[in-house]
There are 2 protein chains.
Amino acid sequence: MVARRATVRDMRRSNRSVLLSKIYLDGPLSRHELTQLTSLSPASVSTLVAEFIEEGLVEEAGSVESDGGRPRVLLRAAPGFGHVIGVDVGETRVTVELFDMSMAALGKADHPIERATLAPEMMVGHVLDGIGAVIAQSGVNAEAILGMGIAVPGVVDQGDDGLVHAQSLGWDGVPLRAMLRAGSSIPIHMDNGAKTLGQAEMWFGAGRGVDHVVTALVGSGVGASVVAEGASYRGARSSAGEWGHTTIMYGGRLCRCGARGCLEAYVGAEGILDRFREANRGKAAEGIDEESAIGAMIADADSGASRAAEVVLSETVGYLGAGIATLVNLFNPERIVLGGWAGLALGGRWLPEIRAAAAEHALRRPFEQVSIELCQLGPDAVALGAATLPVAALLANGGVRARAESPRPLRISGL
Amino acid sequence: MVARRATVRDMRRSNRSVLLSKIYLDGPLSRHELTQLTSLSPASVSTLVAEFIEEGLVEEAGSVESDGGRPRVLLRAAPGFGHVIGVDVGETRVTVELFDMSMAALGKADHPIERATLAPEMMVGHVLDGIGAVIAQSGVNAEAILGMGIAVPGVVDQGDDGLVHAQSLGWDGVPLRAMLRAGSSIPIHMDNGAKTLGQAEMWFGAGRGVDHVVTALVGSGVGASVVAEGASYRGARSSAGEWGHTTIMYGGRLCRCGARGCLEAYVGAEGILDRFREANRGKAAEGIDEESAIGAMIADADSGASRAAEVVLSETVGYLGAGIATLVNLFNPERIVLGGWAGLALGGRWLPEIRAAAAEHALRRPFEQVSIELCQLGPDAVALGAATLPVAALLANGGVRARAESPRPLRISGL
DNA sequence: AGACTTATTTCATATCATAAACTGGATCTG
DNA sequence: CAGATCCAGTTTATGATATGAAATAAGTCT
């Protein structure tokens with residue numbers, strides 16, 4: 001609501017951003033189409049496009065035949081303008097991927113992590129190694145890397161040091177951005193993994209072209225990424241969307257967060273398996289990990305081999321529907337995208353039932369206005385989503401690169 | 001994220017808006033202070049302020065002595081620049097109030113409503129009568145009325161017709177804006193009553209100066225108004241913030257919305273009284289209406305006269321805390337403002353307990369970042385909040401009045 | 001070949017924020 | 001009490017910008 005002051009330069013930047021975003025996200029488009037889509041004048045489109053081409057941001061991409069008239073020249077964002085890196089810092093591995101501007105993958109490095117070595121310094125080492133590896137693999141000029149996006153399984157304070165709070169890694173206030181900056185001059189963008197996955201779905205998956213989307217992620221943990229009016233909803237301190245710990249059964253099952261009755265305690269993988277064991281006279285589901293155990297449950301429920309699995313999963317669908325209804329009622333989105341490996345497993349089999357359960361618990365009107373869909377990109381899109389962060393920053397800035405910083409020695413602040 | 005194209009005119013409007021909003025919301029201020037607060041240049045501030053004074057939007061308000069230097073001249077929004085009307089369309093009455101720009105009340109008209117006469121045509125009649133009455137009372141020039149804000153107990157589609165969906169009035173798609181426009185040339189702004197109350201608290205109450213606020217309203221109904229980054233969070237179709245029908249007890253009490261386990265069924269006035277009756281061996285709380293009945297319960301719980309009241313209210317505090325925790329986890333606000341008559345009654349007595357219950361169910365970090373406070377303006381601020389809508393529109397538009405429309409005959413669209 | 005159609009570019013113009021220079025209005029100092 | 005000093009606010013010249021209108025480019029159609 002309270003806008004900032006504007007100068008003619010801001011105007012230029014804003015218009016460049018509008019135009020470049022259209023070309024990048026909806027291209028290829030002709031100058032003529034761009035004037036209509038952006039409501040900029042033909043003169044301005046012409047001038048700005050000329051700038052973009054001059055700068056290498058945009059290139060011509062053939063033309064469209066006309067039926068009596070000058071043919072339109074199509075424009076697209078130049079895939080080779082620069083490269084971006086996406087990093088998925090997970091609980092079990094670090095994945096680093098390098099993309100060109102069209103998000104075509106040019107290199108990938110994977111590093112499994114043992115539980116014992118979650119120390120931030122180790123993690124930073126893995127990330128930097130991975131970056132070196134993908135640059136070497138792809139042979140791109142390190143100067144041409146616009147930035148890297150880091151997805152972490154926790155909350156990121158968007159301050160200068162990029163403090164990360166991630167319970168699952170045992171991190172509480174780790175200055176990850178500052179630590180990475182000490183080892184690399186590539187501009188760093190950071191966000192929560194659920195939010196980057198949501199971002200990937202917004203640009204390339206089930207959220208394309210929609211402005212109000214909540215991506216609901218169900219795996220071992222349960223979280224959500226909220227996009228409103230095309231922009232990520234972060235809240236005051238970037239921790240919005242903690243869907244897994246909303247109370248759905250007051251006084252109910254104990255959650256690993258310490259509270260009772262959290263959604264995660266019912267629809268998170270661990271919660272499902274615990275409930276199954278209880279329903280199955282103490283006998284756990286078979287599988288070497290959570291994912292295969294839940295896969296086995298679904299198969300057994302489907303084949304009728306396990307009544308307990310059938311009951312527990314059917315209850316899970318109910319809880320999940322109620323949880324989705326909470327999102328619908330509070331955020332009033334146009335679309336709910338259900339993802340995460342457990343969400344995909346459940347949704348792949350029972351999406352209509354999940355929709356019905358949500359309908360039961362949501363208000364009629366907002367429910368009628370929402371469509372509930374499955375994730376399209378799969379759980380590995382976290383790094384892809386992370387890599388969109390520097391691209392999003394470039395677009396928001398009208399195509400002007402953030403200046404690369406020289407590596408800054410890590411300074412311990414405070415005390 | 002996707003900004004719109006900008007012209008020099010937009011820039012001017014935006015800068016006027018920034019400057020005027022500062023003067024209105026934080027004034028009186030000197031030109032010098034304004035340059036620092038808005039980061040506009042002294043030259044621009046000078047020019048724009050001169051325009052505002054010329055147009056009557058702003059006036060000088062004394063000066064501040066200096067210690068060796070030219071004294072600063074203070075500026076404030078001119079209270080007499082125009083007038084605004086706020087209308088609270090409630091389930092039991094229609095209240096119309098007229099204010100000057102400083103939100104000083106200059107006239108008020110109240111019209112009780114019998115349950116039988118909720119027909120939209122009647123309601124429109126009451127509103128128009130009320131407007132005539134407050135204009136006559138206050139003696140202001142009808143031309144000088146900038147606009148009216150209408151608060152309704154339901155969802156408002158922000159389209160041209162201003163369709164209103166209000167279950168409690170039995171309205172489903174009533175084109176209230178179009179109907180009012182047929183009887184008045186004053187520009188019309190509409191919103192949900194909870195949202196206008198939240199808006200009032202943002203400007204003049206417990207939400208002042210905070211950018212991320214959720215106002216939680218507990219009365220007969222239960223709802224919330226979400227403000228993020230200083231702007232109302234509406235969702236895709238303006239129905240965001242339906243907190244009352246989030247599931248807090250899966251499979252629990254039947255709510256009047258038809259679902260089971262809604263928060264409203266536990267902490268809404270009716271839910272509290274129902275639960276008390278059940279706990280009190282079928283004997284209801286005493287009082288001619290819900291408000292006095294709950295007042296009596298609180299008094300009895302306090303004095304130890306009723307163990308049942310004590311238990312039920314203590315449980316209510318728990319449910320309310322869990323509901324608030326859901327808001328904290330999902331929206332990550334800086335402040336929760338608890339209001340509504342029942343919310344104030346409960347909060348007035350048990351605010352520390354409510355905070356503690358919220359702490360139990362919220363994640364530690366977001367809970368530490370939020371302060372939970374009581375509403376400051378009371379439930380009658382709905383009309384005041386509604387009246388801020390035209391002022392907000394004026395500020396957003398840089399002080400340029402929406403042109404008054406000539407009354408447009410009501411056209412039934414469709415069919 | 002000439003008419004026509006549509007896309008894009010060029011050019012003159014008006015709007016705007018701003019830096020820098022300047023003026024206004026007060027206190028302080030010797 | 002003169003003038004030095006300090007700070008608030010105003011004026012002026014400048015450069016950046018989007019745009020409407022006119023011109024041009026690049027085709028098809030007859």
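Chain identifiers are assigned alphabetically (A, B, ...) following the order of the sequence lines, protein sequences preceding nucleic acid strands; residue numbering begins at 1 within each chain.
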Given atom [atom1] of [X] and atom [atom2] of [N], what is their separation to the nearest angstrom?
X	N	atom1	atom2	result
B:R13	C:dT15	CZ	P	16 Å
B:R72	C:dG24	CZ	C1'	16 Å
A:E60	C:dA7	CD	C1'	12 Å
A:R9	D:dA16	CZ	P	6 Å
A:R12	C:dA17	CZ	C1'	16 Å
B:R5	D:dT19	CZ	C1'	9 Å
B:L74	C:dG25	CG	C1'	16 Å
A:E51	C:dT9	CD	C1'	15 Å

- Task: Choose from D:dG9, D:dT17, C:dA7 the nucleotide whose nearest atom is closest to any side-chain atom of B:R31.
- Result: D:dG9

- Task: Report the relative orientation of the aromatic rings in A:Y24 and A:W203; use parallel for angles under 30°, tilted for 30 to 60°, perpendicular for over 60°.
- Result: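 A:Y24 and A:W203: tilted rings.
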
- Message: Check this for me, if you would: do A:R16 and A:E51 make a salt bridge, where the nitrogen-to-carboxylate-oxygen distance has to be below 4.0 angstrom?
- Response: yes

Please classify the nucleic acid contact of [X] as base, sugar-phosphate, or nothing, using heavy-atom distances under 4.0 Å.
X	result
B:A50	nothing
A:V73	sugar-phosphate
B:T7	sugar-phosphate

- Query: Could you walk me through whether A:R335 and A:S371 pass the side chain to side chain donor-acceptor pair (under 3.5 Å) check?
  - Reply: CA-CA 5 Å; A:R335 185 162 302 166; A:S371 71; 3.2 Å; yes

- Task: Return no unless some side-chain N or O of B:S46 is found under 4.0 Å from OP1 or OP2 of D:dG9.
- Result: no

- Quick one, which residues of residues 34-43 of chain B touch DNA chain C with a heavy atom under 4.0 Å? B:L40, B:S41, B:A43

- Message: Can you tell me whether the side chain of A:R70 and the base of D:dA26 have a donor-acceptor pair closer than 3.5 Å?
- Response: no

- Query: Tell me, do B:R181 and B:D160 make a side-chain contact under 4.5 Å, heavy atoms counted?
  - Reply: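 When only atoms from C-beta onward are counted, B:D160 and B:R181 do touch, with a gap below 4.5 Å.
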
- Under 6.0 Å between ring centres, would you say that holds for A:F81 and A:F52? no

- If you pin A:S30 and B:N15 to their nearest nucleotides in DNA chain C, which one's is more 5'?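 The 5'-side residue here is A:S30.
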
- Message: Let me confirm one number: the NZ-OG distance from B:K195 to B:S238, rounded to the nearest 0.5 Å.
- Response: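 If we round to the nearest 0.5 Å, B:K195:NZ and B:S238:OG are 6.5 Å apart.
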
- Message: Rounded at 0.5 Å granularity, tell me how far OG1 in B:T196 sits from CG in B:L384.
- Response: 8.5 Å

